[in-house]
Amino acid sequence: MSTAIVLASSGGEFTPPGAELFDFPPLFAGGPEWLTKPVLMAVLGVVVTCGLAWSAFAKPKLVPRGMQNVGEMGYVFVRDQVARPFLGKDAERWMPLLLSMFILIWVWNIFAVIPVIQFPVASHIAFPAVLALSVYFLKIYLGMKHQGPVKYFTNLIPPGLPKPIYVLLVPIEYLSTFVLAPFTHAVRLFANMFAGHIILAFFSLVGYWFLIENPTLLGAPVGVLGVIMTILMTAFEMFIQFLQAFLFTMLAAMYIGSGLHADH
């Protein structure tokens, strides 16, 4: 469904800022419906991630230089800040997954501030949902494998509490673990990228409208303010892009850890 809003008073058509987040036509006329900008950008993000990994780690040197330096800095950051706190001795084993996930999400997010692209892939709920569900099923698989198919579910409930407490605790614990956790895992990333893109689009439109499209003496200060806010919000959004990639990967490590080891 098109997001254009028809203005009855002027007879024209106005497209709200960030409208491409709602309307994904095929990339070319007659093309398959699934081949849209988000899909193309998602694939491009995977290619960029693989390229970064290859340039950094394909031919490691004893004394790192260039991209290997950058890659090792990223590896150490994810290992020390994400993997080891939640996975302990299993951290190194899961580093390929966690490092790849962190870089991929960060690249997807950075697309929002790259000229021409200007689209954060994670602002399309399908992509965070796929990643979150992948972590969810991996967590359950690891839990049943390492703790047993029955004990994995019973280990979620702390023992030794008064029996009436379990009437409330059991459904709350299972609802939180198997429904709310994967839902919030995906929505947290999606909502932040979606909101950030809308805010940037709004202030960009304010600056464009009052300085270029409809310049007036009275509107000029508003246009300048729009440009300033666009610059400031872009800087803030770049921080949020990194933060959300970090938080998503950190939660993934926590969920994997809960599958490998009983919570209680």
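Within the structure, the ring-ring contact (aromatic ring centres under 6.0 Å, His included) test picks out the following pairs touching residues 79-115 (sequence neighbours left out): Phe77-Phe102, Phe102-Trp106, Phe102-Phe242, Trp106-Phe242, Trp108-Phe127. Pairs of residues two or more places apart, or lying in two chains, that qualify as ring-ring contact (aromatic ring centres under 6.0 Å, His included) and include a residue from residues 147-171 are Phe153-Phe178.
One N or O on the side chain of Gln241 and one on the backbone of Asn109 form a donor-acceptor pair closer than 3.5 Å. With hydrogens and angles ignored, the 3.5 Å screen pairs a side-chain donor or acceptor of Ser134 with a backbone N or O of Val130. A donor-acceptor pair is defined here as one N or O able to donate and one able to accept, closer than 3.5 Å; no such pair exists between the side chain of Thr177 and the backbone of Tyr174. With hydrogens and angles disregarded, a donor-acceptor distance shorter than 3.5 Å links the side chain of Thr230 to the backbone of Ser204. Remark: the backbone N or O of Lys61 is paired with a side-chain donor or acceptor of Gln68 at under 3.5 angstrom. Under the 3.5 Å distance criterion, the side-chain polar atoms of Lys37 are matched with a main-chain donor or acceptor of Ile117.
Counted within 6.0 Å of OH on Tyr141, heavy atoms from surrounding residues, nucleotides or ligands total 12 or fewer; the atom is thus considered open. For Met233, the CE atom counts as densely surrounded, since its 6.0 Å shell holds more than 12 non-hydrogen atoms of other residues, nucleotides or ligands.
Across all their heavy atoms, Ala56 and Met67 have their closest contact at CB-O, 3.4 Å. Of all non-hydrogen atoms in Gly219 and Thr216, the two that sit nearest each other are N-OG1, 2.9 Å. Among all heavy-atom pairs drawn from Val222 and Val206, the shortest one is O-CG1, 3.7 Å. Between Leu99 and Val78, the shortest heavy-atom distance links the atoms CD1-CG2, 3.7 Å. In terms of heavy-atom proximity, Gln147 sits nearest to Gly259 at NE2-O, 3.0 Å.
To the nearest 0.5 Å, the span separating OG1 on Thr249 from CD on Gln244 amounts to 10.5 Å.
When hydrophobic side chains of Ile, Leu, Val, Met, Phe, Trp and Tyr are connected at separations under 4.5 Å, Leu175 ends up clustered with Val179, Leu180.
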